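Everything numeric in this text was worked out from a predicted model, so none of it was measured. In what follows, every heavy atom counts, from backbone to side chain, and hydrogens, waters and symmetry copies are set aside.
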Amino acid sequence: MAGSALVVGGSRGIGLALARRLAAGGDTVAVLARSAPPPDAGLLHIEADLEDEGAVDRAIDACLKNPGTPATVVFAQRARRSADQWAGEVRVSLSATRQVIERLAAPMAAAGGGAIAIVGSVADRLVAEEQPVGYHVAKAGLAQMVRYYGVTLGPRGIRVNGVVPGSVLKPAQSGQAHAGQAPPTPHPAPHPDASIIPLRRVPTPDDIANVVAFLCSPQAACVTGQQLMVDSGLSLLWQSSLVSRL
């Protein structure tokens, strides 16, 4: 049944794919982000700097007024590069997520419950050398936050789950996601050759969005506190097996 949804960090990338997927399902979707989503996306933009606690509180107040108490809340925000990367990662990834959840928990429960999804990263358990230590610590914290809120908000009718993408193709690359097809444009972060992946394809933002939509739907009514890996099976390979495929 259609309702309202809030996507934190939904103005680009995976977050925008999530917002569009929820809107396609009939939800009225608000995007809480510094920058606006594309005007043709049909999304309500609530502007806020996630590093500013007061701005986040005001944004939540605005969301509760229009479109109203969300039945679905999705977190897909990324910290901006700043002089203090540690503080930025902790504030944007952890503190802002906690702030939004704890502000919305009571109205969501009063409205009959709902679902929360947090998009994480394999950096919660593996090391991505191109990312700073704060990124890794923040993503590990989000994984535990999923479990904590899965337990504590469950009695209030609110489910909380996490989605952990592996390498994800940018939209411009999505049409070349299968084995044997080179991406048409370079990407700053390297993607694995699809031929080494069990499903022989690198996930796209839409693939991630579809999993999030499922976890937030009634079809996942008995699923909470879980972290679902979406990487076409790449993380299942033992390191020696993976090296042998290269």
Let me confirm one number: the SG-CZ distance from Cys222 to Arg159, rounded to the nearest 0.5 Å. 8.5 Å
Assigning hydrophobic clusters by single linkage (Ile, Leu, Val, Met, Phe, Trp, Tyr; side-chain heavy-atom cutoff under 4.5 Å), is Val74 placed with Ile14? yes
If you round to the nearest 0.5 Å, how far is NE2 of His136 from CZ of Arg125? 12.0 Å
Do the side chains of Tyr135 and Gln85 get nearer than 4.5 Å, heavy atoms only? no
Ile101 side chain reached by Tyr149 side chain, heavy atoms, under 4.5 Å: yes
Would you say Asp61 and Arg103 make side-chain contact, with heavy atoms under 4.5 Å? yes
With rounding to the nearest 0.5 Å, note down the distance linking CD in Gln144 to CG in Leu94. 11.5 Å
Heavy-atom closest contact (Leu18 atom, Ile208 atom, distance): CD2-O, 4.2 Å
On a heavy-atom basis, which atom in Pro70 and which in Leu104 lie closest, and how many Å separate them? CG-CD1, 4.0 Å
Interatomic distance, CG@Leu6 vs CG@Asp27, rounded to 0.5 Å, equals 11.5 Å
Please examine the side chains of Leu50 and Leu32, heavy atoms only from C-beta on, and report whether any two atoms are closer than 4.5 Å. yes
Do Val122 and Leu234 make a side-chain contact, defined as non-hydrogen atoms from C-beta onward lying under 4.5 Å apart? no
Count I, L, V, M, F, W, Y as connected when their side-chain heavy atoms are under 4.5 Å apart, and connections chain through other members. Are Leu43 and Ile46 then in the same cluster? no
Backbone N or O of Leu199 within a donor-acceptor pair of the Ser232 side chain at under 3.5 Å? no
Any side-chain donor-acceptor pair under 3.5 Å between Thr204 and Asp207? yes
Has the side chain of Thr224 got a donor or acceptor atom that lies under 3.5 Å from a matching backbone atom of Val160? yes
About how many Å separate CG of Leu215 and CD1 of Ile118, when rounded to the nearest 0.5 Å? 12.0 Å
Nearest heavy-atom pair of Gln227 and Ala143: which atoms, and what distance? NE2-CB, 3.5 Å
Contact summary for Ala123 and Lys139, nearest pair of heavy atoms: C-CB, 4.3 Å
Any idea which heavy atoms bring Asp52 and Arg58 closest together, and the distance? OD2-NH2, 4.3 Å
Closest heavy-atom contact between Ser11 and Ala33? OG-CB, 4.0 Å
Is it true that Ile60 and Val31 fall in one hydrophobic cluster, defined by side-chain heavy atoms closer than 4.5 Å? no
Gln77 side chain reached by Thr97 side chain, heavy atoms, under 4.5 Å: yes
Membership question, hydrophobic clusters at under 4.5 Å side-chain separation (ILVMFWY): are Ile197 and Leu236 in the same one? no
Please assess Glu51 against Val92 for the test side-chain contact (heavy atoms from CB on, under 4.5 Å), listing each intermediate value before the final yes or no. CA-CA 6 Å; Glu51 293 193 48; Val92 171; 3.4 Å; yes
Asp206 with Arg20: basic N within carboxylate O range, under 4.0 Å: no
Any side-chain heavy-atom pair of Val7 and Val29 under 4.5 Å: yes
Using the rule that Ile, Leu, Val, Met, Phe, Trp and Tyr join whenever any side-chain heavy atoms are under 4.5 Å apart, tell me whether Met229 and Leu142 fall into a single cluster. no
Starting from the C-alpha separation in whole Å, work towards a yes-or-no answer on side-chain contact (heavy atoms from CB on, under 4.5 Å) for Gln226 and Val146. CA-CA 7 Å; Gln226 304 304 306; Val146 166; over 6 Å; no
Spacing of Leu153 atom CG and Glu102 atom CD [to the nearest 0.5 Å]: 8.5 Å
With a 4.5 Å limit on heavy-atom distance, are the side chains of Glu53 and Arg91 in contact? yes
Look at atom CZ of Arg12 and say whether more than 12 heavy atoms of other residues, nucleotides or ligands are closer to it than 6.0 Å. no
